[in-house]
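Because only heavy atoms are used, hydrogens play no part in the values below, and waters and symmetry mates are left out as well, while side chains stay in. Small disclaimer: the values here were computed from a predicted structure and weren't measured.
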Amino acid sequence: MARDRFYSQVKAALIKAGWKITHDPLKLEIGGVKLEVDFGAEALADGVLAAERDTEKIAVEVKSFISSSPTNELHAALGQFIAYRLALSELEPDRQLYLAIPLAAYADFFQRPFPKRLVQENGLSLMVYDPIRQEVLQWL
């Protein structure tokens, strides 16, 4: 499985934010198809963030949006997100799926009307991260 360019930065950001990586990758098999989400994570049992999240489980698909066509990246990411969300709804309904996107892509491309509408219409949950500081900035 090819890792996204910012895979390590997102993993570090999740750990810094109080998440325990439980699956790397999170492998799913459903209906004769094998899928791999980049990460499965659970809140740590201790710490300030964990106090608010002690029962939360997430799955995170990492995307960099650094190619010359962010529209094509969004199309591919949207397809993956929809497939992963459907599989998780049957296999692990208590796990919330997020698409991890870098701050630069969120601040520019994802503020444009059409990408914004695609995100809203398809109910994508976003995790905005800073790949330089390796920090989670927003959960949307």
[X] (side chain) donor-acceptor with [Y] (main chain) under 3.5 angstrom:
{"X": "Glu73", "Y": "Ile66", "result": "yes"}
{"X": "Arg95", "Y": "Ala59", "result": "no"}
{"X": "Asp4", "Y": "Phe6", "result": "yes"}
{"X": "Asp108", "Y": "Ala104", "result": "no"}
{"X": "Arg85", "Y": "Gln96", "result": "no"}

In Å and rounded to the nearest 0.5 Å, what is the [atom1] to [atom2] distance from [X] to [Y]?
{"X": "Leu35", "Y": "Tyr84", "atom1": "CG", "atom2": "OH", "value": "6.0 Å"}
{"X": "Leu14", "Y": "Tyr129", "atom1": "CG", "atom2": "OH", "value": "10.5 Å"}
{"X": "Leu124", "Y": "Leu78", "atom1": "CG", "atom2": "CG", "value": "5.5 Å"}

Work out which heavy atom in [X] is nearest to a heavy atom in [Y]; give both atom names and the distance.
{"X": "Pro102", "Y": "Ser64", "value": "CG-O, 3.0 Å"}
{"X": "Ala41", "Y": "Thr22", "value": "N-OG1, 3.6 Å"}
{"X": "Ala87", "Y": "Leu28", "value": "CB-CD1, 4.0 Å"}
{"X": "Arg133", "Y": "Lys16", "value": "O-NZ, 2.9 Å"}

What I'd like to find out is whether the side chain of [X] reaches to under 4.5 Å of the side chain of [Y], using heavy atoms alone.
{"X": "Met127", "Y": "Leu99", "result": "no"}
{"X": "Tyr98", "Y": "Leu140", "result": "no"}
{"X": "Lys27", "Y": "Pro25", "result": "yes"}
{"X": "Thr71", "Y": "His75", "result": "yes"}
{"X": "Gln111", "Y": "Lys116", "result": "yes"}
{"X": "Asn122", "Y": "Ile82", "result": "yes"}
{"X": "Trp139", "Y": "Ser125", "result": "no"}
{"X": "Leu126", "Y": "Val119", "result": "yes"}

> Run the side chain to side chain contact (heavy atoms under 4.5 Å, CB included) check on Leu74 and Phe110 step by step: do they pass?
Replying inline: CA-CA 9 Å; Leu74 179 57; Phe110 279 85; 4.0 Å; yes

>> Which residue is it: Leu97, Asp38, Leu88? I am looking for the one with a side-chain contact (heavy atoms from CB on, under 4.5 Å) to Leu26.
In response: Leu88

>> With clusters defined by side-chain heavy atoms of hydrophobic residues (ILVMFWY) lying less than 4.5 Å apart, directly or transitively, does Leu86 cluster with Val33?
In response: no

> Hey, is Lys63 close enough to Glu61 for a salt bridge, meaning N to O under 4.0 Å?
Replying inline: yes

> With Asp24, which residues qualify under side chain to side chain contact (heavy atoms under 4.5 Å, CB included), at least two apart?
Replying inline: Arg3, Tyr7, Lys11, Ile21, Phe39

> Do Tyr106 and Phe65 have ring centroids that are under 6.0 Å from one another?
Replying inline: no

> Taking atom CD1 of Ile132 as the centre, does the number of heavy atoms from other residues, nucleotides or ligands within less than 6.0 Å exceed 12?
Replying inline: no

>> Go through it in stages, so that I can follow the logic: the residues are Glu56 and Glu42, the test is side chain to side chain contact (heavy atoms under 4.5 Å, CB included), and I'd like the CA-CA distance, side-chain angles, deciding distance and then a yes or no.
In response: CA-CA 6 Å; Glu56 281 189 76; Glu42 296 177 1; over 6 Å; no

